[in-house]
Amino acid sequence: MALQAPVGTSDLLPEESLFWDKFKKTAFEVFGRYGYLPIETPLIERTDLFVRGIGEATDVVSKEMYTAISGENLKTLIGGGHIKSSSRLSLRPEGTAGVVRAAVQHDLVPQGAAPAKLVYAGPMFRAERPQQGRKRQFNQVGIECLGAEAPSVDAEGIIMLMRFFETIGIPYQSMHLLINSMGCEHCRPVFREAVHDFLAAHVDELCDDCKHRMETNPLRAFDCKNEHCLALMASAPRITDYLCEECKEHYETVKSYLNAADITYIEDTTLVRGLDYYTRTVFEVQVPEGTGAQTAIGGGGRYDKLVEEVGGRPTPGFGFALGYERCVLALQAAGLEFLKPQRCEIFIACVDDSTRAAAFKMVQGLRDVGLKAELDHQGRSLKSQFKLADKLGARLVATLGPEEVESGIITVRNMVNHRERKVDWAKMKALLLHFGGKPFEGTVATAAEIFGTFDEE
Ligand code: AMP
């Protein structure tokens, strides 16, 4: 059998790859209005970055992270040897840790400077059990705002995420925005202790994972998917009863900004999110209809301790990530179909082999000014070249015979309204020159500018 893509991964074929491109561009455009600039960080990072940043006891780090190992190091390990910690690499399971590492490494948030606002897009890797909306390689778009602790940053981030979802076509009514506060280093330990004591009092009712979580990281029990644990956690202590005055005020102010912006939200005191670095605001956007069991299309929150955790100066942070694949599911539930890409605007057909060289040159000239031009590469008959042009979506077809090459007058046919127009190749060349004929400078000419619109005849 022919080899298949690894379980939990998928190919983005041209139609979807173009959509992913548009999705990213839209995100960068919308977030750009809020001052976010693009950043790209490596797909592999030192394992200890994730262990320190995300937390050793999270599922993402303890169970789901892929280790990347060179052949040489693998041999050393198999032979019972040790490799140094700087050689222990992992495929990134999320984007925040890498962006924060880059911000510290390149001092992107000098003291007293405006906050650094960064946006990224790309694949993340988690060895999860694959199902609809849950992949082992998936794409995220995310933002990080580093250097400001005001609640307006949190509210601005949540608002712009909702705006983005609406811009790409997810109906506002289909989205549930859940928010909560996780408290800070002062009030959370007391809450954590209360949850630990609650779990200890119900230890016989817990799943094995939660028994373990109770000791390592009791708040993770709120994330447990086990039905019994879920039901039990509904009566667990609530963070909102434990927030210190500062955290309470921060949370209230975030909500007041959301209210003022007419953003509807649900306060969910069981929302803790899967990563350890969050402080204060956490939020998640869910689309319950059409996305299957995995309803969260995006989420994030504040992480005021993470920068220090990875070795930087104390720097408050806020960020979120949204999952491309789950957005597609939500969009498909709302009727999205990928557009069929147009491969070719003008096709140059050759009557016989004698005109191939002229056609080849003409096609190149048209491509150089930005048109999608194509010719036959398979020795097809003229009739079959017309069929191919149609298949490729060409709106215009020019046929080159020895006569056309000789006279330089070419007939261009509009395949939609079947109108024809004679084009003087010499004049056209002048036009092409006028448009510069420089590849890599973007589209400089349209088919209508070169060949006319064919409407007036
Ligand atoms: P997280 O980094 O876990 O906060 O996830 C942020 C968003 O990424 C989620 O809301 C999902 O939309 C998406 N996501 C997380 N894990 C997966 C996965 N395994 N497969 C597909 N999308 C995912």
Side-chain angles (χ1 to χ4, degrees), residues 5-12 16 20 23-24 27 41 43 45 49-50 53-55 58-66 90-100 119-144 157-158 161-162 164-165 168 170 174-180 182 219-220 222-225 268 271-279 281-303 306 317-333:
V7 172
T9 69
S10 42
D11 302 303
L12 297 191
E16 187 171 4
W20 165 228
F23 186 93
K24 278 186 285 190
T41 61
L43 301 196
E45 294 274 359
L49 170 69
F50 300 118
I54 301 172
T58 57
D59 282 358
V60 166
V61 169
S62 67
K63 296 193 214 162
E64 297 165 1
M65 209 155 60
Y66 281 105
S90 289
L91 289 177
R92 63 182 189 190
E94 56 95 64
T96 304
V99 172
V100 165
V119 53
Y120 61 86
M124 306 295 160
F125 306 85
R126 295 182 196 173
E128 299 196 78
R129 195 137 46 84
Q131 55 173 234
Q132 191 191 30
R134 201 210 271 152
K135 312 214 132 258
R136 291 183 173 167
Q137 178 178 336
F138 54 97
N139 289 300
Q140 283 188 340
V141 176
I143 63 100
E144 315 297 343
I158 295 174
L161 177 61
M162 298 309 277
F164 167 71
F165 285 144
I168 56 164
I170 301 181
S174 72
M175 294 187 278
H176 294 181
L177 166 64
L178 310 181
I179 63 169
N180 190 22
M182 298 282 293
L219 300 193
R220 294 269 70 82
F222 283 107
D223 271 346
C224 186
K225 304 287 179 289
D268 179 353
L271 181 70
V272 291
R273 313 246 330 116
L275 316 173
D276 271 358
Y277 52 57
Y278 290 114
T279 51
T281 315
V282 284
F283 71 99
E284 191 159 286
V285 183
Q286 302 181 344
V287 176
E289 293 295 317
T291 46
Q294 304 299 324
T295 59
I297 56 171
R302 179 160 281 287
Y303 48 81
L306 179 60
F318 172 88
F320 63 68
L322 58 100
Y324 162 75
E325 286 77 7
R326 291 195 201 161
C327 285
V328 167
L329 291 176
L331 286 167
Q332 282 170 335

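When a ligand or atom number is given, it counts from 1 through the structure's own listing order.
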Mind checking whether [X] has an N or O less than 3.5 Å away from an N or O of ligand 1?
X: Tyr278; result: no
X: Leu322; result: no
X: Ala321; result: no
X: Gly299; result: no

(message) Using heavy atoms and a 4.0 Å limit, tell me yes or no: is Glu325 in contact with ligand 1?
(response) no

(message) Are Phe164 and Phe23, when compared by the centres of their aromatic rings, separated by less than 6.0 Å?
(response) yes

(message) Looking at Lys63, is its backbone amide N or carbonyl O close enough to the side chain of Arg126 to form a donor-acceptor pair, meaning the two atoms are under 3.5 Å apart?
(response) no

(message) Out of the candidates Ile297, Ile168, Val287, only one should pair with Leu331 under the side-chain contact (heavy atoms from CB on, under 4.5 Å) rule; please name it.
(response) Ile168

(message) For Glu128, give me all partners under side chain to side chain donor-acceptor pair (under 3.5 Å), at least two apart in sequence or on another chain.
(response) none

(request) Indicate whether any N or O donor in one side chain lies under 3.5 Å from an N or O acceptor in the other, for Gln294 and Gln131. (result) yes

(message) Under a 4.0 angstrom heavy-atom cut-off, which atoms of ligand 1 come close to Ala296?
(response) 9 (C), 10 (O), 11 (C), 12 (O)

(request) From the options Arg129, Glu94, Arg126, Glu284, select the one whose nearest heavy atom is closest to atom 1 (P) of ligand 1. (result) Arg126

(message) Considering Phe138, Phe125, Phe320 one by one, which has a heavy atom nearer to atom 23 (C) of ligand 1 than any of the others?
(response) Phe138

(request) Look at the rings of Tyr324 and Trp20 and say which category their plane angle falls in: under 30° parallel, 30 to 60° tilted, over 60° perpendicular. (result) tilted

